[in-house]
Amino acid sequence: MHPRSDHRWLGGLALLLATSASPAAAGQNLWTLETKVQACIETSAAAACRQAETHVSKLRSNPAYARASHLCKEEISELEEVIKLLPMRDAVPTEVMASVADVQQACLPYGF
């Protein structure tokens with residue numbers, strides 16, 4: 001295989017992983033994260049957004065967090081920041097869901 005095609009293949013795999021979150025593809029905590037953030041986006045209700053924020057924060061207390069990569073921890077931190085902007089409608093929903101996908105992709109290997 002040509003070295004450039006390796007990069008395209010890996011890029012395609014990364015894109016597939018980032019866009020195909022499902023209960024089978026993500027750990028339960030990561031799947032629940034997606035549904036809670038989606039509920040906040042759809043309703044903009046304070047209670048739904050608080051639940052989403054709480055779920056993101058709880059990822060830090062998950063035993064998997066201690067063994068997670070720096071990238072996983074960084075993605076969780078970034079999601080914590082952007083999710084706080086949702087109730088104020090100061091975040092683009094597609095970017096927030098992309099951040100959720102980033103957390104799922106970076107953290108899945110660590111058993112969340």
(message) To the closest 0.5 Å, what do you measure between OG1 (T94) and CD1 (I41)?
(response) 8.5 Å
(request) Taking all heavy atoms of L30 and all of Q104, pick out the closest pair and write down the distance. (result) O-NE2, 3.0 Å
(request) Please collect all disulfide bond (SG atoms under 2.5 Å apart) contacts where either partner lies in residues 62-112, sequence neighbours excluded, each pair once. (result) C72-C107
(request) Rounded to the nearest 0.5 Å, what's the gap from NZ on K84 to CZ on R50? Could you check? (result) 14.5 Å
(request) Check step by step if side-chain contact (heavy atoms from CB on, under 4.5 Å) holds for T32 and F112. (result) CA-CA 11 Å; T32 303; F112 284 84; over 6 Å; no
(request) Give every residue pair that meets the disulfide bond (SG atoms under 2.5 Å apart) criterion with at least one member in residues 28-61, sequence neighbours excluded. (result) C40-C49
(request) Report yes or no: do E74 and H70 form a side-chain donor-acceptor pair below 3.5 Å? (result) yes
(message) On a heavy-atom basis, which atom in E78 and which in S99 lie closest, and how many Å separate them?
(response) C-OG, 4.4 Å
(request) Check V82, L33, V103 against V56 for a side chain to side chain contact (heavy atoms under 4.5 Å, CB included) and give me the one that passes. (result) L33
(message) Nearest 0.5 angstrom please: L59 CG to L79 CG, how far?
(response) 8.0 Å
(request) Could you verify whether a donor N or O on one side chain and an acceptor N or O on the other, from E34 and Q38, lie under 3.5 Å apart? (result) no
(message) If the threshold is 4.0 Å, N to carboxylate O, is there a salt bridge linking E53 and K36?
(response) no
(request) Consider only side-chain N and O atoms of Y65 and R60, and report whether a donor and an acceptor are under 3.5 Å apart. (result) yes
(message) Return the NE2 to CG distance between H55 and N29, rounded to the nearest 0.5 Å.
(response) 5.0 Å
